[in-house]
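Heads up: the structure comes next, in structure tokens.
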Number of protein chains: 2
Amino acid sequence: MRSEDIAKLAGVSRSTVSRVINNYPNVPAATREKVLRIIEQHHYEPNSFARALAGKGTDTIGLFAISMNENEDESRIYQNSYFAPIVDIVVDTANAQGFYVLIHTIYSPDDFQKVKQAFQQKRIDGGILVGTQRDINFVSDMLGEGAPLVLIDYDITEIINERLDKDHLSIINSRDYEGTVEAIEYLINLGHQEIGIIKGRMSTFSGRERFLAYENTLKKHGLPIHDHFVLSGDFLKENAYREVVRMLDSGKLPTALFCSNDAMAISAMDALIQHGVTIPDDISIVGFDDALLASHVSPKLTSVRLPIDEMSRAAVEKIIELCQSGQSAFSTISFPTQLIVRDSCKSLSN
Amino acid sequence: MRSEDIAKLAGVSRSTVSRVINNYPNVPAATREKVLRIIEQHHYEPNSFARALAGKGTDTIGLFAISMNENEDESRIYQNSYFAPIVDIVVDTANAQGFYVLIHTIYSPDDFQKVKQAFQQKRIDGGILVGTQRDINFVSDMLGEGAPLVLIDYDITEIINERLDKDHLSIINSRDYEGTVEAIEYLINLGHQEIGIIKGRMSTFSGRERFLAYENTLKKHGLPIHDHFVLSGDFLKENAYREVVRMLDSGKLPTALFCSNDAMAISAMDALIQHGVTIPDDISIVGFDDALLASHVSPKLTSVRLPIDEMSRAAVEKIIELCQSGQSAFSTISFPTQLIVRDSCKSLSN
DNA sequence: CTGAAAGCGCTTACAG
DNA sequence: CTGAAAGCGCTTACAG
């Protein structure tokens with residue numbers, strides 16, 4: 001069943017059928033009704049490719065998760081507490097608005113090419129990019145294809161410095177800096193003076209923000225930052241485990257450890273407990289993300305909640321808006337975090 | 001840049017360019033090389049819609065997760081320990097083979113329509129359906145669209161009884177029956193005689209299999225099945241929690257409880273612990289799925305590992321095979337499970 | 001082995 | 001308000 005068949009049945013031309021389908025104003029109500037009825041009756045669905053070829057959108061958005069880290073386990077990204085909820089919300093929100101979503105993971109430059117192709121071949125109307133590391137080239141490449149783009153977790157200043165054409169770009173962030181400050185000050189208020197950190201991936205905006213906030217907050221409160229309490233974790237639990245064991249071997253432990261994400265926090269807890277260290281009696285732990293696991297480990301993990309649901313929803317709404325309006329001004333939204341206090345921190349005050 | 005441009009540059013016709021792109025044999029090596037070179041040089045990508053319109057495939061497969069359960073929390077499906085790894089593996093495996101994947105969740109009949117449309121509009125070459133409940137109509141509807149279909153977790157006998165055209169259908173299952181038998185006999189060997197169950201969703205193949213195996217195994221060993229130890233959980237943690245609390249209130253507890261999935265097992269553990277019941281001293285718990293959480297709760301959960309990764313990979317390989325070969329015979333694969341013994345069960349023997 | 005032409009099913013100026 | 005016609009960028013008989 002093609003538009004031509006509908007046209008015949010309705011006694012009009014394909015042009016008119018098309019006008020009805022696309023909701024153009026210049027069709028009398030009566031004609032519109034008639035055509036609509038025939039369409040309904042026959043469960044007619046316009047061929048999406050023909051529409052796309054003729055210049056219409058595809059009602060499909062892309063969701064691309066970048067994970068180009070040499071030592072990362074390649075195939076666990078959607079079980080990752082960070083990506084899983086994004087997929088979740090993005091798919092549901094987009095679906096609810098009548099959009100399909102095309103998913104592709106980027107583990108390698110090859111994958112990146114495939115994603116570029118998806119844009120070039122016009123398979124999608126726009127894309128959401130998550131996990132972008134500090135590399136503006138990707139972003140400008142994508143942008144060059146002319147399709148709208150939404151970035152989750154990206155440093156705005158980099159975009160601005162590069163003077164990219166930002167007309168169909170939008171950035172969604174969380175206030176990780178403030179969230180980290182809150183977490184660190186919570187520990188300080190508990191009486192902690194020796195506060196360590198497991199850093200996230202520093203090529204990542206959130207990785208840098210969380211570390212910067214840690215540094216600045218300690219400085220602000222006149223507390224020392226010991227190199228041997230600053231561990232590199234790259235957001236990876238294996239690294240966190242290894243680094244914590246190394247710290248244990250060195251014989252020195254801070255009284256509190258801020259972990260740049262929950263995966264690392266939980267891994268650190270495992271390492272500590274296995275070495276006979278008690279949490280929170282011997283050491284307090286704070287995580288970041290408030291992943292599902294956080295409330296299930298023991299002791300329950302105090303963590304900074306990342307508003308990942310809201311962020312994902314905003315990303316979809318933004319991309320759809322950009323797809324539909326042609327373009328709009330560059331925009332950026334930043335969502336607040338929230339410290340969720342559980343049982344992994346102890347007060348030293350009494 | 002269109003195929004015509006490539007043709008001009010290469011001094012051939014669009015027909016020949018097309019032949020090269022589609023790897024047809026009737027092109028001399030020299031011509032092929034020449035065309036290929038030009039394509040490379042200009043980073044030419046054939047428009048996917050034009051190809052599709054002209055009758056070629058779309059190199060896209062659909063992944064559709066059905067979750068039409070009234071009382072289920074609507075937007076958590078990909079964080080679900082069952083679906084998350086499927087998304088994971090399906091996306092990665094498909095991507096690695098050069099296929100894109102379109103994801104849509106089915107919460108309502110409306111969503112189901114959208115998925116049917118995806119088939120009708122030829123947006124995808126084939127689809128993977130997961131979470132299908134006992135409703136053959138869906139399956140036959142999809143099959144009616146003529147596209148290949150792979151079902152994960154579906155009772156083959158239903159398909160056979162319906163005499164559906166199975167030429168482009170494939171089913172991927174796990175041996176849940178055997179897995180459950182192994183789990184129950186493990187409990188029996190530990191000395192348990194009063195073994196309860198929290199049932200899964202009985203409209204689901206795996207839900208029925210797990211229950212059936214439970215029943216048959218107890219019978220086989222001459223053990224009683226008490227109605228009040230048979231709880232309905234529908235695979236949902238809220239239900240499991242409620243039912244366990246109800247059982248606690250009744251004052252009678254089995255010595256062991258088999259839970260049809262880990263989500264319910266963990267929820268049951270929460271309920272029991274909160275009511276002062278100690279695991280495994282007062283009651284032994286076995287789960288099913290071996291979800292990520294299983295090894296993180298305390299005590300660590302003994303669970304039947306579901307080979308979901310292998311199943312997902314097989315589903316993708318099968319669907320791609322079906323897409324490419326046009327069609328092949330009906331096939332079905334069933335993967336073995338494995339009992340992972342951890343700390344949630346106690347021996348009563350001594 | 002290869003090109004001209006028809007066709008896939010839409011949309012959109014254009015003319016009326 | 002509406003239809004005929006061109007066009008979107010491919011593929012594929014068909015003829016040679």
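So you know, we letter chains A, B, ... as the sequences are listed, proteins then strands, and number each from 1.
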Can you give the dot-bracket line for DNA chain D, where a pair is Watson-Crick or G-U wobble with both atom distances under 3.5 Å, crossing pairs use [ ], and | marks a partner on another strand? |||.||||||||.|||
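- Taking 4.5 Å as the limit, every side-chain heavy atom of B:Pro148 sits out of range of all side-chain heavy atoms of B:Asp125.
- Spacing between atom CD1 of B:Ile21 and atom C1' of D:dC10 amounts to 9 Å, rounded to whole angstrom units.
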Could you tabulate the donor-acceptor pairs under 3.5 Å formed by side-chain atoms of residues 8-26 of chain B, not counting sequence neighbours?
unit_1	atom_1	unit_2	atom_2	d
B:Ser13	OG	B:Ser15	N	3.3
B:Ser13	OG	B:Thr16	N	3.4
B:Ser18	OG	B:Asn22	ND2	3.4
B:Asn22	OD1	B:Arg51	NH2	2.4
B:Asn22	ND2	B:Ser18	O	3.0
B:Tyr24	OH	B:Lys56	NZ	3.3

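- Across the protein-nucleic acid pair, A:Glu4 atom CD and C:dT11 atom C1' stand 14 Å apart, rounded to whole Å.
- Taking atom CZ on B:Arg19 and atom P on D:dA13, their separation rounds to 11 Å, with Å as the unit.
- Counting heavy atoms from C-beta on, the side chains of B:Glu162 and B:Val139 never come closer than 4.5 Å.
- D:dC10 atom C1' lies 14 Å from atom NZ of A:Lys122, rounded to whole Å.
- Contact between the side-chain N/O atoms of B:Lys56 and the OP1/OP2 oxygens of D:dT12 is found at a separation under 4.0 Å.
- Within the nucleic acid shown, B:Ser18 comes within 4.0 Å of at least one base atom, counting heavy atoms only.
- Here B:Ser13 does not reach the OP1 or OP2 of C:dA4: none of its side-chain N or O atoms lies under 4.0 Å away.
- Listed pair A:Ser3 / C:dT11 fails the phosphate criterion, with no side-chain N or O lying under 4.0 Å from OP1 or OP2.
- Contact check, A:Tyr44 against C:dC10: a side-chain N or O comes under 4.0 Å of OP1 or OP2.
- Under the 30°/60° scheme for interplanar angles, the aromatic rings of A:Tyr100 and B:His104 are found to stand perpendicular.
- In this entry the distance linking CG of A:Asn22 with P of C:dC10 reads 11 Å, nearest Å.
- Without hydrogens or angle criteria, A:Asn95 side chain to B:Thr105 main chain gives a donor-acceptor distance under 3.5 Å.
- Contact annotation: A:Tyr24 side-chain N/O to C:dT12 OP1/OP2 distance is under 4.0 Å.
- Heavy atoms of A:Ser48 sit nowhere under 4.0 angstrom from any nucleic acid atom.
- Mapping B:Thr16 and B:Ala50 onto DNA chain C by nearest heavy atom places B:Thr16 at the nucleotide closer to the 5' end.
- Atom CZ in B:Phe49 sits roughly 15 Å away from atom C1' in C:dC8 (whole-Å rounding).
- Per the geometry, CZ belonging to A:Arg51 stands 21 Å off P belonging to D:dC10, to the nearest Å.
- Separation of the C1' atoms belonging to C:dT12 and C:dG16 is 16 Å when rounded to the nearest angstrom.
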Dump the intermediate steps for salt bridge (Lys or Arg N to Asp or Glu O under 4.0 Å) on A:Asp5 and A:Arg2, then the final yes or no. CA-CA 5 Å; A:Asp5 302 318; A:Arg2 302 155 307 142; 3.4 Å; yes
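- The base of C:dA4 sits with one of its N or O atoms less than 3.5 Å from a complementary donor or acceptor on the side chain of B:Ser15.
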Can A:Glu321 and A:Lys318 be said to form a salt bridge (Lys or Arg N to Asp or Glu O under 4.0 Å), step by step? CA-CA 5 Å; A:Glu321 181 189 321; A:Lys318 205 65 203 173; 3.3 Å; yes
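- Taking atom CZ of residue A:Arg2 and atom P of nucleotide C:dG9, one finds them 6 Å apart after rounding to whole Å.
- Residue order along DNA chain C, read from the 5' end via each residue's closest nucleotide, puts B:Arg14 first among A:Leu53 and B:Arg14.
- Counting any heavy atom pair closer than 4.0 Å across all strands shown, B:Asn26 reaches a base atom.
- Side chains of B:Val35 and B:Tyr44 form no contact here, defined as non-hydrogen atoms less than 4.5 Å apart.
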